Amino acid sequence: MKKLLNAPSDLVKEALAGMAVAHPDLLRVQLDPAFLVRADAPVRGKVAVLSGGGSGHEPLHGGFVGRGMLDAACPGAVFTSPTPDQILEATRAVDGGAGVVHVVKNYTGDVMNFEMAAELARDMGIATETVLVNDDVAVENSLYTAGRRGVGTTVLVEKICGAAAEAGRGLADVAALGRRVNDHGRSMGLALTPCTVPHAGKPSFELGPDEIEVGIGIHGEPGRRRAKLEPADRLTEMLMDPILDDLPFRAGKDVLLFVNGLGGTPLLELYVVFRKAHELAAARGLRVVRSLVGPYITSLEMAGVSITLLEVDEEMVRYWDAPVHTAALRWGV
Amino acid sequence: MKKLLNAPSDLVKEALAGMAVAHPDLLRVQLDPAFLVRADAPVRGKVAVLSGGGSGHEPLHGGFVGRGMLDAACPGAVFTSPTPDQILEATRAVDGGAGVVHVVKNYTGDVMNFEMAAELARDMGIATETVLVNDDVAVENSLYTAGRRGVGTTVLVEKICGAAAEAGRGLADVAALGRRVNDHGRSMGLALTPCTVPHAGKPSFELGPDEIEVGIGIHGEPGRRRAKLEPADRLTEMLMDPILDDLPFRAGKDVLLFVNGLGGTPLLELYVVFRKAHELAAARGLRVVRSLVGPYITSLEMAGVSITLLEVDEEMVRYWDAPVHTAALRWGV
Amino acid sequence: EVLNGDAVVVWIERAAAVIVENEKYLTELDAAIGDSDHGANMARGFSAVRGKLAGQPREDVGAILKTVGMTLLSTVGGASGPLYGTLFLEAAKIAAGKAELDRTAIQQSLAAGLAGIQKRGKAEPLDKTMVDALGPAIQAFEGAAGVTLAEALARAAEAARQGAEATIPLVARKGRASYLGERSAGHQDPGATSMWLLVRSLAEAAAE
Amino acid sequence: EVLNGDAVVVWIERAAAVIVENEKYLTELDAAIGDSDHGANMARGFSAVRGKLAGQPREDVGAILKTVGMTLLSTVGGASGPLYGTLFLEAAKIAAGKAELDRTAIQQSLAAGLAGIQKRGKAEPLDKTMVDALGPAIQAFEGAAGVTLAEALARAAEAARQGAEATIPLVARKGRASYLGERSAGHQDPGATSMWLLVRSLAEAAAE
Ligand SMILES: Nc1ncnc2c1ncn2[C@@H]1O[C@H](COP(=O)(O)OP(=O)(O)O)[C@@H](O)[C@H]1O
Ligand SMILES: Nc1ncnc2c1ncn2[C@@H]1O[C@H](COP(=O)(O)OP(=O)(O)O)[C@@H](O)[C@H]1O
Ligand SMILES: [Mg+2]
Ligand SMILES: [Mg+2]
Ligand SMILES: [Mg+2]
Ligand SMILES: [Mg+2]
């Protein structure tokens, strides 16, 4: 295992310490239990937006803490959901009296830990709402699974909810908007290489030189099926077709197209995929009105890509365009 | 070789096409010869800032095209300097009558191709100035080499020159400022894994499971020496010590600390390195007044990191903070 | 034929030791159908528990179990954290204020723990989870009338082992492994395996 | 004992074929001490040249060489692009307006090309560059008095080959390989190698 780290068990805390000194204007870090909050938290009277999950998906979530996006992020160990006490403490630290929205990716661990934290917060008189993100079309049959995973749409939910909260919208409103974003977003990914969890010390799975995993999550777990490596255009179709058919996305609609790198894939290749995805969306009569390209929700150093398509309405676009000032996403400020 | 591409020879052009559809508000792409210009080029009366080099270092340079940074970028084939005609055409396309600054990384190919382009531009009556970036302290003896390579400081030169040009400074001023930034910036990098040039189809070099290359460039070439993989803190010292000693950076000065990912290294690890680099800078009595962390000048999917330290003055900080609106770097707008 | 506070502490310390010993093994099981962290999660949690138990008074078995539950809850994370946390917290409710647990109390505690796990995680038997080790263990314990407590717990441990092994052919329907669909068959569930180790430690502690 | 336009075109076409054939080999040499692109750069350039020469009139050797130089300049890139471009553009100046090149003109053209390369790239002999193949080739050509043109060029090609091979023990002082310092020794310079292929193609064209 070749990684830039000291002890695997110190990785997350040392990275948090790095964030604290790199972005003192943006955020504050607390270590025990571990969480990040925006520098001016709690913001009186504003709904707070909090998310969290295992580490290893950076910049998600810590890189999205700041004005116009997340009030707090709770990082767990690598690929391990944070614990209820972390989430509870962060919830308390950012509650400005208007309640806290928890943005939760749909994984059993995240769901249960956030659930327990929300129960504890409720007992302390803090109102919370949970927005569950489950946008991964690779998981087809939710009856015999833990349900669809939360992947790329998470970033869009966090941005749009964050902006709505910043604009003064109430707890129920922000949560409802977040759910609407989730309902209109669909994602799918594929991996060219596995990643290595620092504690495990070796790759999570093995792939032959011309094999890929299709329908991959973001935790280094194998995907839904193994396939042959093909040209980028063909692989882009392999992701876009199920996405387009699922909502389904209908001609004439406006969409946000988000091509996400899983960590180890160069930007050059992401733009090659973006080009084809854009072409396929256009061929279905969709208008790509907003774009995002880059590694925003990653799986350590895994090479691969995920595509997210969000059918946007006027309100979502307005909140997408609203100022945001975080380590990883910034505009208008 | 596992990459998201179609034919290797189409990679750069397809990625440019992707950038064109992803960022129509920011930039325009021309394909033969290939270059990108900001959407409103040429800007009348403004000095234009142009850079270029081999592809494979994304977001450098194309991701820095836009208001407040580069007016144009000329991408060559992967790791291959662009040609004089590309540079000449881009220079013509962005000249707003006030001249064009060429930001050139010090590699034989870049230097010669830019030189020839500048000669041709001069023949056409376009004034150009060249800012040569050569900040890599790993190359010690410039007498017996092609001189120090241009690495991380390039990003800082482009940002600061771009802001100065946007502020209406003249050609000689912008170039002088760029040279001052170069003179006060120092960098060094190391690689944990090689990268694979698409045309070559296999890794540029081989490294054992516990070997690293120290003093690496950004073209997949081997570094100055091979060393054992050590804990991140120790590796950070291995980069910071030569940097700190070289300028030398003196106690009491303000610095910008830039921890750059070479492509395949997760953000989590970059922050671990940032933490230690910040500590080492502070131990020397330096004040880290600005930070940048992320993959900004990369070497395809290479795992590794480079550190850049820039001794800043008030003017550099002011131009660093000035609004910038590009695909990869954006604030204040 | 009872478990007092000392015995419970011995149990947990044995469990901690065996979990830490088997960290790599549990992680390898999780690598096959999950995300390679179950070993690290459990080792982190039980190491923390070990530290917490050092200063713990032994009079109230419920209080000991509560400490274990709270510590697991705040250190394990992932899916197993809330589930193992719930197991001990629910058991602690039954044991609250008791200096020792007799067979009935033991059985009620385990049953309350299982019920808590199923309420929180919604897993049914044969969903390929830790339930498939704990469920059979409780049944075996209930069924072991007329033998010593130690023997009853040994039978429970053996049932847990068989239950864990019996997850191999199953297709997961809960947790992260369920995303693999048919590809999850052929691998033993990591959580069922750690549950077996936990029950085995209990049997060993009772046999001492 | 002259090279006319047809012969020059035959030369360039042979060169293009052999460069494309050896793309992988040149890239491998560049992988060892450079950035793995020399083969692709040269193949891209000479393929473009091939396309350009199709419609090229044969009367003016200078015009042919200029087309080659301009095309290499705008398609090769890297360090080798401007250098090979300069070689042909400088040679083209000598050959301008000539329907054929005699020995003196050939010699002057090559010398002008070398001078251009050295002016642009500042490399001295033994810096481990293409100069180390072209320099010896020109010397051998000059020294080959009293033999046929074909034989003189064959000797030049042999000198280029030896010059390229002689770069193996050298420590690079110019170009990207110089960053490797001592580690550059033990590898043959890619540019010197492609230069040898170019001179060899010229000898073959002259022998036809
Ligand atoms: N809904 C559930 N009910 C019961 N047990 C579950 C459930 N989901 C997961 N598990 C158990 O948790 C184990 C995985 O734990 P762990 O790897 O620590 O967490 P995660 O899956 O979040 O990475 C599985 O092997 C399974 O036994
Ligand atoms: N300054 C120089 N003078 C002469 N030849 C040079 C010089 N620098 C590099 N070269 C030649 O160029 C070759 C490398 O070409 P290429 O790989 O295409 O370009 P790059 O080094 O830019 O990747 C070297 O092998 C060497 O022969
Ligand atoms: Mg996990
Ligand atoms: Mg090159
Ligand atoms: Mg797991
Ligand atoms: Mg090269």
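Within every chain, numbering begins at 1; the chains are lettered A, B, ... in the order of the sequence lines, protein sequences first and strands thereafter. Computed from a predicted model, the values in this text were never measured in an experiment. Worth knowing before you read on, the calculation uses all heavy atoms, side chains too, and leaves out hydrogens, waters and symmetry mates.
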Legend entry - Top contributor to chain A interface from C/Gly85, C/Gly77, C/Ala177 [non-hydrogen pairs under 4.5 Å]: C/Gly77
Legend entry - Greater than 12 external heavy atoms within 6.0 Å of C/Glu208's CD: yes
Inset, instruction - State whether the number of non-hydrogen atoms from other residues, nucleotides or ligands found under 6.0 Å of C/Lys66 atom NZ is greater than 12. - result: no
Legend entry - Rounded distance (nearest 0.5 Å) linking atom CG of A/Asn113 with atom CG of C/Leu73: 7.0 Å
Inset, instruction - Sort C/Glu23 into side chain, backbone, both or neither according to what part of it lies under 4.5 angstrom from a heavy atom of chain A. - result: side chain
Legend entry - Atom group of C/Lys122 that falls short of 4.5 Å from chain A, counting heavy atoms: neither
Legend entry - Contacting moiety of A/Val78, where chain C heavy atoms sit under 4.5 Å: backbone
Inset, instruction - Below 4.5 Å from any heavy atom of chain A, which atoms of C/Arg183 appear? Answer side chain, backbone, both or neither. - result: side chain
Inset, instruction - Give the member of A/Ser204, A/Pro203, A/Gly220 that has the highest number of heavy-atom pairs under 4.5 Å with chain C. - result: A/Ser204
Legend entry - C/Met70, CE atom: more than 12 neighbouring heavy atoms under 6.0 Å: no
Legend entry - Atom pair CG (C/Leu89) and CE (A/Met116), whose distance is rounded to the nearest 0.5 Å: 6.5 Å
Legend entry - Contact winner vs chain C - A/Thr80, A/Thr108, A/Asp110, heavy-atom pairs under 4.5 Å: A/Thr80
Legend entry - Part of A/Glu213 lying under 4.5 Å from any heavy atom of chain C: side chain
Legend entry - Sidechain-backbone polar pair: C/Ser178 side chain, A/Ala146 backbone, donor-acceptor under 3.5 Å: yes
Legend entry - Contact winner vs chain A - C/Leu83, C/Ile33, C/Thr27, C/Val171, heavy-atom pairs under 4.5 Å: C/Leu83
Inset, instruction - Would you mind checking which part of A/Tyr107 comes under 4.5 Å of any heavy atom in chain C, side chain (CB onward), backbone (N, CA, C, O), both or neither? - result: both
Inset, instruction - Considering only heavy atoms and a distance below 4.5 Å, find which of C/Ala123, C/Ala79, C/Gly39, C/Ala40 pairs most often with chain A. - result: C/Ala79
Legend entry - Minimum heavy-atom distance between C/Val76 and A/Thr83, given as atom pair plus value: N-CG2, 4.3 Å
Legend entry - Nearest-0.5 Å distance, OG of residue C/Ser74 to CG of residue A/Asp32: 9.0 Å
Inset, instruction - Compute both the distance and the angle, then confirm whether A/Arg224 meets the cation-pi test with C/Tyr179: under 6.0 Å from the six-membered ring centre, within 45 degrees of the axis. - result: no
Legend entry - Nearest-0.5 Å distance that lies between atom CZ in C/Arg176 and atom OG1 in A/Thr145: 13.0 Å
Legend entry - Part of C/Thr75 lying under 4.5 Å from any heavy atom of chain A: backbone
Inset, instruction - Mind ranking A/Arg149, A/Arg225, A/His199 by heavy-atom pairs under 4.5 Å with chain C and telling me who comes out on top? - result: A/Arg149
